[in-house]
Amino acid sequence: MQRTFTRTLLVGLLASLSFATGAQNTIKVGVIAEFSGPFAAYGQQIEAGMKAYLKQHGDTVAGKKIELITRDTGGPAPEVAKRFAQELITRDKVQFLAGFGLTPNAMAVAPVVTEAKVPMIISNAATSVITTRSPYIARVSMTIPQVSAPMAQWALKNGVKQVYTVVADYGPGIDAETQFTKTFKAGGGEVVGTLRTPLQNPDFSAAIQRVKDAKPQAVFVFLPAGEQGIAFVKGFNERGLAKEGIKLIATGDITDDHVLDAMGDPTLGLITSFHYSAAHESAENATFLKNYAAANDAKVGRANFMAAAGYDTMAAIFEVVRKTNGDVDGDKAMAALKGYKWMSPRGPVMIDPDTRDIVQTVYIRKVEKKDGKLANVEFDKIVDVKDPGK
Ligand code: PHB
């Protein structure tokens with residue numbers, strides 16, 4: 001009896017010891033994103049990019065194994081995102097939160113990470129204000145004002161003086177409209193009309209007809225990447241706006257590399273401003289794309305800016321674990337991230353030590369056929385662009 005008891009105690013002790021050692025040797029990353037519903041590609045692309053990084057670098061850094069724990073918000077669902085964040089922190093004891101395709105999901109989690117002092121790396125959500133909502137947030141993707149101002153500058157330089165704006169009616173859309181208008185007006189341009197379309201289930205036919213009736217020189221568009229861009233470009237072509245001489249200009253969300261093939265040849269010639277193109281020519285991008293293909297099922301489709309940001313999210317996490325020698329806490333993590341510079345698949349980037357937002361090159365691109373496939377081909381750029389929205 002006594003012996004059995006002692007043995008049970010010993011086994012129990014050993015089990016808890018090995019559990020503790022296991023926990024100490026693991027860094028858990030809670031990935032909250034959209035893996036189902038109309039925005040499912042966001043979570044899938046972010047995770048595919050993270051896996052590409054782990055494929056290339058292995059899953060261990062400073063003696064710690066990096067473990068991803070994914071949670072699906074199913075779309076824009078702030079309350080769900082918040083609950084996942086709380087559970088991941090208190091129950092799963094994650095040392096990082098990451099992911100966040102959509103702004104409302106990222107915004108809802110900001111107070112949770114402030115309270116818990118857990119570092120949160122944003123892999124997409126791009127409304128300017130997000131990083132101001134917690135000192136524990138850093139962003140490796142982009143901000144919408146950062147990619148919108150260059151489009152206004154390009155339009156002005158190329159003789160476009162009157163623009164109609166059409167944006168999705170939530171954070172990033174309002175940021176795009178605000179920054180584009182500000183830069184465009186400052187350069188002598190005129191905004192002749194503005195329209196906002198709902199984030200969920202928009203029908204673009206009325207908006208496109210109104211733009212056509214107003215006959216502006218161009219329409220500037222921000223829509224969240226994916227299905228909406230496909231629908232807008234289709235409507236733009238069907239209603240013959242290009243034939244009326246109306247140009248379509250936009251942030252690169254609309255010619256998302258992931259859905260470019262589905263949009264087809266009507267995208268040829270479209271000009272957009274953005275921080276990442278799968279057609280970017282660099283050794284780092286080639287390495288990223290090779291590992292993306294090796295780490296993921298072909299079903300995940302062509303890599304886009306969210307996949308590149310997922311890859312960079314892991315680069316940032318590895319840097320923190322390396323710099324802290326695996327002893328990660330919120331304050332040490334943020335100190336390690338501030339001013340961190342690296343060579344991303346998109347080009348040179350840095351986390352701004354003041355804003356914790358990314359500083360990067362913004363490219364002007366045109367959709368062309370490259371090696372027989374539609375691609376966003378970069379032809380102009382502005383280097384070291386900070387978020388002008390702050
Ligand atoms: C966002 O919700 O912040 C968001 C979503 C899709 C994009 C860009 C920004 O393409």
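Because the structure is a prediction, the values reported are computed rather than measured. Just so you know, ligand 1 is whichever comes first in the structure, and atom 1 is the first atom listed for that ligand. Heavy-atom basis, side chains included; hydrogens, waters and symmetry copies ignored.
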Worksheet item: Do Ser128 and Asp387 have a side chain donor and acceptor closer than 3.5 Å?
Response: yes

Fill in: Interfacing atoms of ligand 1 (cut-off 4.0 Å, heavy-atom, Tyr42)
5 (C), 6 (C)

Worksheet item: How does Phe100 reach ligand 1, by side chain, by backbone, by both or by neither, if only non-hydrogen atoms under 4.0 Å count?
Response: neither

Worksheet item: Which residues satisfy the salt bridge (charged side-chain N to carboxylate O under 4.0 Å, His left out) test with Glu378, sequence neighbours excluded?
Response: none

Discussion item. Testing the 3.5 Å rule here: is there a donor-acceptor pair between the side chains of Asp213 and Gln209?
Written reply: yes

Worksheet entry | Sub-3.5 Å N/O-N/O distance, Asn124 and ligand 1 | no

Practice prompt. Go through the side-chain N and O atoms of Thr181 and Glu177 and say whether any donor and acceptor fall under 3.5 Å apart.
Written response: no

Worksheet, complete the sentence: for atom 3 (O) of ligand 1, nearest protein heavy atom and its distance come out as Thr103 OG1, 2.6 Å

Response to the item:
atom 5 (C) of ligand 1 has as its nearest protein heavy atom Tyr170 OH, 3.4 Å

Worksheet item: Is there side-chain contact between Lys338 and Arg356, with heavy atoms separated by less than 4.5 Å?
Response: yes

Item to complete: Using only heavy-atom distances, determine whether the side chains of Tyr276 and Asp257 contain a donor-acceptor pair under 3.5 Å.
Response: no

Worksheet item: Identify the closest protein heavy atom to atom 10 (O) of ligand 1: which residue and atom is it, and at what distance?
Response: Asp253 OD2, 2.5 Å

Discussion item. Could you tell me, atom by atom, which parts of ligand 1 come under 4.0 Å of a heavy atom of Phe305?
Written reply: 10 (O)

Discussion item. With a 4.0 Å cut-off on N to O distance, would you call Asp352 and Lys390 a salt bridge?
Written reply: no

Discussion item. Apply ring pair (Phe, Tyr, Trp, His ring centres under 6.0 Å) to residues Phe184 and Phe220 and explain how you reach the verdict.
Written reply: CA-CA 11 Å; Phe184 196 57; Phe220 168 75; 9.0 Å; no

Fill in: Structural part of Pro172 in contact with ligand 1, heavy atom criterion under 4.0 angstrom
side chain

Practice prompt. For Pro224, counting its heavy atoms only, list the atoms of ligand 1 lying under 4.0 Å from any of them.
Written response: 6 (C), 7 (C), 10 (O)

Worksheet item: Which ligand 1 atoms are under 4.0 Å away from a heavy-atom of Ala225?
Response: 6 (C), 7 (C), 10 (O)

Worksheet entry | Sub-4.0 Å heavy-atom approach of Phe222 to ligand 1 | yes

Worksheet entry | Contact (N/O only, under 3.5 Å) between Ala125 and ligand 1 | no

